[in-house]
Amino acid sequence: MTAIDLRSDTVTQPTEEMRRAMAAAEVGDDVFGEDPSINELQERSAALLGKEAGLLTSSGTMSNLIATLAWGSHGDEIIMGDQAHMFWNEGAGQAALAGVQTRLVPNDEQGRINADDVAAAIRPPGNLHFPRTSMVCLENTHNRCSGGALTPADTKAVCDTAHAAGVPVHLDGARIFNAAVALEVPAAELTRDVDDLSFCLSKSLSCPVGSVLVGSQDFIAQAKRWRKMLGGGMRQAGVLAAAGLVALDTMVDRLAEDHQNARRLAQGLANIDGLSVDPERIQTNIVFFEVDENLGTAAQLIAALERHGVKVSYPGKQSIRMVTHRHITPADIEEALSRTSAAVREVRAG
Ligand code: TLP
């Protein structure tokens, strides 16, 4: 039985075209700014997202950390949603390595944060008791909010509020192209109001490694110093950038297929007694669903799914995540659904 791997879009393999481009990539020492493939990727990424400059980093986690380091200093406070990847899944790097405190405001179901909550959370200057608010963070698409996409208006509302208080906005846009495809707007419209953002090459875009951080020339100059300090100056990493360039040309439009598959998956899951999910909420490639307590726990169902050859992730006590990606076909979705039904029956039978 071949496993159906729905753990994450990070499991995607580079395409043949990427492998060829990687083998043929022109490279140089990027710490000297001399890698032509990296320079091209950084310039194209910045142009595509309406920013002045870009910086290739090793991961989304590194980009998010660099943004925190570049915008603030030890003892500052950063604001983000209570479901943010930066809060849940980055090993407390913001606290441990950037020395900042994280202030949480509620995320709604779609991953939005409310501008009034942000306004209330920004620290007024001039009070010695308070930390300085150095950054507000958004996430688009929103991982833990089932891949919800923020619209340009959602983004602008928070940015206007933060900017009125002189606070920059960082966007964790790991899957920004999923948002652009789902909302049918150019990615630059989703990023216009933020001060910087990072997107991942290594997730739904199928590249083996890397993220790109984009922002103003000044911001990227600072980011480049932090990247070096973190050990992220990667020399002839143009082999990675070459895959990124192919991804920008060939991997964006096809994301619509992943979104259709995710919607179909959610519809099928909603029809399985003991599981609940609202398929109408699925905008992109991430499906979270709940396991009814009467049936059992997520951990029990995950163990049964594993026996039936379906790999999933994120066990909350009652919740499970499935992610669609380039290697998952519509037929795989139907197969995953029938295996999930069998796994549910097994859990029910005890
Ligand atoms: N997300 C991974 C895991 O870390 C959970 C996944 O499988 O979805 N921002 C967002 C919104 C992300 O989803 C991720 C990775 C990152 C940042 C970090 O990217 P990497 O893994 O490149 O450090």
Side-chain angles (χ1 to χ4, degrees), residues 5-14 45 55-69 78 80-94 96-98 102 107 110-113 135 137-150 155 170-180 182 187 190-191 194 196-214 227 230-232 234 237 240-241 243-244 247 255 258 262 282-288 302 311-316 319-328:
D5 195 345
L6 299 168
R7 284 173 301 171
S8 183
D9 46 13
T10 58
V11 303
T12 45
Q13 300 273 323
S45 301
L55 189 70
L56 177 66
T57 71
S58 62
S59 67
T61 302
M62 182 186 267
S63 280
N64 287 336
L65 178 61
I66 289 174
T68 304
L69 288 162
I78 59 177
M80 66 185 71
D82 59 5
Q83 299 303 313
H85 189 277
M86 285 175 71
F87 177 69
W88 279 84
N89 292 87
E90 298 183 13
Q94 318 300 321
L97 305 171
T102 296
N107 273 120
Q110 207 173 313
R112 292 178 288 223
I113 55 177
M135 173 171 98
C137 308
L138 293 171
E139 187 175 319
N140 196 10
T141 63
H142 202 293
N143 186 340
R144 288 182 64 86
C145 296
S146 236
L150 309 189
T155 306
H170 164 69
L171 170 65
D172 176 354
R175 298 184 179 83
I176 193 67
F177 294 107
N178 291 82
L190 299 172
T191 61
V194 301
D196 81 278
L197 77 135
S198 154
F199 71 93
C200 290
L201 298 166
S202 59
K203 300 197 166 58
S204 46
L205 298 186
S206 276
C207 293
V209 181
S211 284
V212 186
L213 186 63
V214 299
R227 185 187 67 172
L230 294 172
M234 290 190 288
L240 305 177
L255 295 174
D258 298 345
I282 306 304
Q283 292 179 283
T284 61
N285 67 329
I286 299 181
V287 179
F288 274 82
I302 287 170
K311 296 182 175 200
V312 299
S313 70
Y314 262 68
S319 80
I320 292 179
R321 186 184 80 156
M322 292 181 172
V323 182
T324 58
H325 52 78
R326 191 172 68 82
H327 305 312
I328 299 295

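As the structure lists them, so they are numbered: ligands from 1, and atoms in each ligand from 1.
- Looking at Arg7, its side chain never comes within 3.5 Å of a backbone N or O of Met322 through a donor-acceptor pair.
- Considering His85, Arg321, Arg144, Arg7 only, the shortest heavy-atom separation from atom 6 (C) of ligand 1 involves Arg321.
- Residue Lys203 places at least one N or O, backbone or side chain, under 3.5 Å from an N or O of ligand 1.
- Judged purely by distance below 3.5 Å, without hydrogens or angles, the side chains of Arg326 and Thr12 never pair a donor atom with an acceptor atom.
- Polar contact check, Asn143 against ligand 1: a nitrogen or oxygen pair lies under 3.5 Å apart.
- Set against the non-hydrogen atoms of Arg175, the atoms of ligand 1 under 4.0 Å away are 6 (C), 8 (O), 12 (C), 13 (O).
- There is no side-chain donor-acceptor pair under 3.5 Å between His142 and Gln110.
- Residue Glu139 touches ligand 1 through its side chain alone, judged by heavy-atom distances below 4.0 Å.
- Given atom 22 (O) of ligand 1, the protein heavy atom at minimum distance is Gly60 N, 2.8 Å.
- Both the backbone and the side chain of Thr61 come within contact range of ligand 1, each with a heavy atom under 4.0 Å.
- You'll find the side chain of Leu56 reaches within 4.5 Å of the side chain of Leu201, heavy atoms only.
- For ligand 1, none of its N or O atoms has an N or O atom of Thr141 under 3.5 Å away.
- Counted by atom type alone, Asp258 and His325 present zero donor-acceptor pairs between their side chains at under 3.5 Å.
- Taking the side chain as every heavy atom from C-beta outward, Asn285 and Lys203 never approach each other to under 4.5 Å.
- Among protein heavy atoms, the minimum distance from atom 7 (O) of ligand 1 is reached at Ser8 OG, 2.7 Å.
- Distances between N or O atoms of Tyr314 and those of ligand 1 include no value under 3.5 Å.
- In summary, the side chains of Thr102 and Gln94 do not present any donor paired with an acceptor at a separation below 3.5 Å, with no hydrogens or angles considered.
- Here His142 has no heavy atoms under 4.0 Å from ligand 1, in either its backbone or its side chain.
- Side-chain contact, Ser204 with Asn178: a donor N or O sits under 3.5 Å from an acceptor N or O.
- Using a 4.0 Å cut-off between heavy atoms, Glu90 contacts ligand 1 through its side chain alone, with no backbone atom that close.
- Among all protein heavy atoms, the one lying closest to atom 9 (N) of ligand 1 is Asp172 OD2, 2.7 Å.
- Contact annotation for Ala174 and ligand 1: only side-chain heavy atoms (C-beta onward) come within less than 4.0 Å of the ligand.
- In summary, the side chains of Arg144 and Asn89 do not present any donor paired with an acceptor at a separation below 3.5 Å, with no hydrogens or angles considered.
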